[in-house]
Amino acid sequence: MEILDNNWFKGKDDPTITVLTFTPQQAQYWDTKTNSIVTLAKLAYTSITGDETEIGTSGSLKL
């Protein structure tokens, strides 16, 4: 399927366009169980005191 926007580009042969393709090999995720304000407060506490706090889980995935 070919989609062109002639308002922005001069067509598929426009020399100012570069198409990038990539295949991800790994991904990382973060999941917090609280809202963003509570998470921000926990991060601020950690930054000030140096004590670690539990703000959620994270991990890596191989794709």
Side-chain angles (χ1 to χ4, degrees):
M1 181 174 168
E2 188 174 313
I3 298 174
L4 300 175
D5 189 344
N6 292 331
N7 291 326
W8 294 95
F9 309 113
K10 297 176 186 171
K12 68 178 184 176
D13 296 321
D14 188 339
T16 62
I17 296 176
T18 301
V19 176
L20 302 175
T21 60
F22 68 95
T23 304
Q25 296 178 354
Q26 77 177 46
Q28 294 184 336
Y29 66 90
W30 298 270
D31 183 24
T32 59
K33 301 296 181 199
T34 59
N35 65 37
S36 58
I37 294 177
V38 173
T39 301
L40 180 61
K42 287 181 177 183
L43 288 172
Y45 173 81
T46 299
S47 177
I48 293 168
T49 64
D51 295 339
E52 289 189 24
T53 56
E54 177 63 40
I55 58 171
T57 60
S58 64
S60 296
L61 302 171
K62 290 193 183 255
L63 303 174

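Side-chain atoms are counted along with the backbone in the values below, which use heavy atoms only and exclude waters and symmetry mates.
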- Audit row: Thr32, Lys42, side-chain contact (heavy atoms from CB on, under 4.5 Å) steps and yes/no: CA-CA 11 Å; Thr32 59; Lys42 287 181 177 183; over 6 Å; no

- With Asp51, which residues qualify under salt bridge (charged side-chain N to carboxylate O under 4.0 Å, His left out), at least two apart? none

- List the atom of Trp30, the atom of Ser58, and the distance in Å for their closest heavy-atom pair. CD1-CB, 3.4 Å

- Tell me, please, which residues at least two apart from Ile17 pass side chain to side chain contact (heavy atoms under 4.5 Å, CB included). Phe9, Asp14, Val19

- Query: If you count the non-hydrogen atoms of other residues, nucleotides and ligands that lie under 6.0 Å from CD1 in Ile37, is the total more than 12?
  - Reply: no

